[in-house]
Amino acid sequence: MDSSSAVTMETFDVVIIGGGFSGLGYLKELTANGVSATLFDNRHRVGGTLAHAYDDAVLTTSSAMSSFSDFIDYTPLSKPIVWTAVEFGEYLQAYVDKFDLAKLMRFRHMVSDVAPCSDVKGMKYTVSVENLDTHEDAVVHCNHVVVASGAHIYDNKECVFSNIRGSETFTGTVLHTSEFVNIKNPLDMRGRRMLVVGTNESAADVSYFCAKVAEQVDFSMRGKNGLYVPRYQGKYPLDMDTSRFHHGIPRPLRMVETSIRATYRCTAVKVMELLSGKSIDDCAAGMVVTQKLNMSPYNVEWPYITACKSESFARAIAEYGSRVRPGICHIDGDTVVFKNGTREKYDLIMLATGYKRSFPFLKKHFPNLECDVSGSMRNLFKNMLHPDYGIDFAFGGFVRPSIGAIPPLLELQARYFALLCSGKKKPLEKSEILEIIAYDKRYNANVIGDALRDYVTYADEMASLIGCNIPFRQLFWSSPSLWMKAYLGPNHAGLYRLQGPGAKPEYVKREIAKQSHMFQPILFFLTIPLVLLFALCGMLGSTTFRLISIKSHDGRKYNDPRVKTEIIHPFAVMCRAAAYWWINLLYPNIVVNEGF
């Protein structure tokens, strides 16, 4: 677009690109701090990618964990649910209405370019925008740009599939889950023989939808996988157990606790079967398969653990006979040959292999910035600020927790950025930013792998920057009942509004008091004798069971005080194997590791 012929719009302190929950969070926090801002999105309504999700799409986190901190009463904490994509869109629209944001938003406007500004005094950047309805061009001038365009825009279908040997010979259809709308669109799935490649939440849900009508749906697991967790446990969403207590347990011991819980739940189901004289129902079967997937020695490799927050894989296996397959070796026509030598015929391959980050509006004038952030968000300070650009550019929402939801972390980013833009907080020195980036890379790569962040650790670090840490000590002395609910209840965003800039303590305390569910630590405490024995082995210097410090990639111990000593994982692996043996003993006919 030729900016010289474009219509000039207003000037703002900040221009936000993207109208999903990330863009809305930044817009609200900036305006609340007196910073002028506007938002552009090429879609026709709020919601971003979720506004165009497949039919019956369901979030992977509860309403309690997915809500913004000052709007946690939309769905009461006493009755949390897992929203559908449609319900989440309604929540976001209610958020827009509550804080009167609509007047600052421009839908059906696509940002085509961001360039340095040379013709308007006091402004740093010129943002070129196209109205998709009238096809008119315009420019907006600003001093800061927030990129909140989302990570799920450009699928990697061509890149992934072309790297499979023999892919060019495949005679069937290849789709990416982003193209799936329902079982009749874009293709009629009835009677199909379908292979799903990937093990994320969309893969699980799409597989289950299709398994109801397809002849056969199988899953190809390309490598080691993480936990499979259901969205609900009983009447409560499972992430209501995402408590401070749970996250205070060293990681390997969380696996011990998970193993004990899985054994307890599957045993309880079997006892109920025996007492009632009825065979296992579909829901319980899905739960048992989920536990067997989690505990299988073939599955989880510690400590690089992620979670697929959907039980749909297990339900497809239990209810419709779907099968687990290993990675693909090569393709020969309509036949897929797996790495263990097995062969199967398919006429549809559905790729659930993720997306590639790309920011085309930055490529022309800021190619280095675009290259850095497309390569890895770990190159940014707290996944949001590039050290060479300070607060000129912020990347909103590109922080994915291993367990937990993005909106609370995104909102903490937005609160910090708004304080910086308004001058209420001073930016850190570049040398300190680079030091923190280097530390975060080492810490996160050793703890949870390169792509994710630890939910509680990241939230607490952002809260420290803002000055809104959760006042547990104060709560303990002033209101023990609130302290218990805050400590054993879900670690939702509202806890970070109890003090500091933008605090709403009375509102948050009132909502926490309504909270009905708390984490039950009793099963963890049952492991204390075993944990003590394990620690004793470590102190005696056993080569197998010992206490270790986290090591950096170069093999040297990294003695940062924030890196806590953890117990090495063999004990957790033994507990997982024992749980798998017991669940197999209870349910020998439910097999999940076929093909490994």
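This chain uses plain numbering: 1 for the first residue, then up along the sequence. Model, not experiment: these values are computed from the prediction.
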[X] versus [Y]: any side-chain heavy-atom pair under 4.5 Å?
X: Met240; Y: His492; value: no
X: Ile437; Y: Leu380; value: no
X: Thr173; Y: Arg192; value: yes
X: Cys371; Y: Phe359; value: no
X: Asp56; Y: Phe209; value: yes
X: Tyr91; Y: Ser63; value: no
X: Ile331; Y: Thr335; value: no
X: Glu344; Y: Leu195; value: no

[atom2] on [Y] to [atom1] on [X], rounded to 0.5 Å:
X: Lys157; Y: Ile349; atom1: NZ; atom2: CD1; result: 11.5 Å
X: Lys364; Y: Ser112; atom1: NZ; atom2: OG; result: 9.5 Å
X: Leu187; Y: Glu179; atom1: CG; atom2: CD; result: 9.0 Å
X: Arg108; Y: Asn42; atom1: CZ; atom2: CG; result: 7.5 Å
X: Ser310; Y: Arg231; atom1: OG; atom2: CZ; result: 4.0 Å
X: Cys329; Y: Asn340; atom1: SG; atom2: CG; result: 9.5 Å

Do [X] and [Y] get their side chains close enough for a donor-acceptor pair, meaning under 3.5 Å?
X: Trp83; Y: Thr61; value: no
X: Arg453; Y: Asn383; value: yes
X: Ser358; Y: Ser374; value: no
X: Asp372; Y: His386; value: yes

In terms of the angle between their ring planes, are Phe395 and Phe398 parallel, tilted or perpendicular, with boundaries placed at 30° and 60°?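 Because their plane-to-plane angle is over 60°, the rings of Phe395 and Phe398 count as perpendicular.
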Tyr346 and Phe338 aromatic ring geometry - parallel, tilted or perpendicular at 30°/60° bounds: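 Phe338 vs Tyr346 ring planes: perpendicular.
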Can a donor-acceptor pair be found, under 3.5 Å and without considering hydrogens, that links the side chain of [X] to the backbone of [Y]?
X: Glu201; Y: Lys309; result: yes
X: Arg43; Y: Gly48; result: yes
X: Glu87; Y: Thr84; result: yes
X: Asp41; Y: Gly19; result: yes
X: Asn185; Y: Asn182; result: no
X: Asp239; Y: Ser62; result: yes
X: Ser167; Y: Ile164; result: yes
X: Ser220; Y: Pro326; result: yes
X: Ser162; Y: Cys159; result: yes
X: Glu370; Y: Leu362; result: no

Is [X] salt-bridged to [Y], cutoff N-O under 4.0 Å?
X: Asp347; Y: Arg193; value: no
X: Asp440; Y: Lys382; value: yes
X: Glu319; Y: Lys212; value: no
X: Glu215; Y: Arg190; value: no

Can you name the closest pair of heavy atoms from [X] and [Y] and give their distance?
X: Leu410; Y: Gly396; answer: CD2-C, 4.0 Å
X: Leu132; Y: Met110; answer: CD2-CB, 4.1 Å
X: Phe313; Y: Gly198; answer: CZ-O, 3.8 Å
X: Ser322; Y: Ile317; answer: O-CG1, 3.5 Å
X: Pro237; Y: Tyr232; answer: N-CD2, 3.6 Å
X: Phe21; Y: Ile406; answer: CE1-CG2, 3.6 Å

Please check if the number of heavy atoms outside Lys184 that lie under 6.0 Å from its NZ is greater than 12.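 Not buried by this count: 12 neighbours or fewer within 6.0 Å.
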Applying side chain to side chain contact (heavy atoms under 4.5 Å, CB included), run through Tyr54 and Asp205 and close with a yes or a no. CA-CA 10 Å; Tyr54 50 82; Asp205 292 342; 3.4 Å; yes
Applying side chain to side chain contact (heavy atoms under 4.5 Å, CB included), run through Ile183 and Asp188 and close with a yes or a no. CA-CA 6 Å; Ile183 58 173; Asp188 192 334; over 6 Å; no
Please identify each residue that fulfils salt bridge (charged side-chain N to carboxylate O under 4.0 Å, His left out) with Arg45, with sequence neighbours left out.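 Arg45 satisfies salt bridge (charged side-chain N to carboxylate O under 4.0 Å, His left out) with no other residue.
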Not counting sequence neighbours, which residues clear salt bridge (charged side-chain N to carboxylate O under 4.0 Å, His left out) with Asp218? List them please.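 Asp218 satisfies salt bridge (charged side-chain N to carboxylate O under 4.0 Å, His left out) with Arg323 once adjacent residues are dropped.
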Under the side chain to side chain contact (heavy atoms under 4.5 Å, CB included) criterion, do Tyr320 and Val217 qualify, and how do the steps go? CA-CA 8 Å; Tyr320 298 105; Val217 174; over 6 Å; no
List the steps, then state whether side chain to side chain contact (heavy atoms under 4.5 Å, CB included) holds for Tyr355 with His176. CA-CA 10 Å; Tyr355 298 78; His176 190 271; 3.7 Å; yes
Apply the test salt bridge (charged side-chain N to carboxylate O under 4.0 Å, His left out) to residues Arg165 and Asp332: give CA-CA distance (whole Å), side-chain angles for both, the deciding distance (0.1 Å), then the verdict. CA-CA 9 Å; Arg165 183 158 57 92; Asp332 184 8; over 6 Å; no
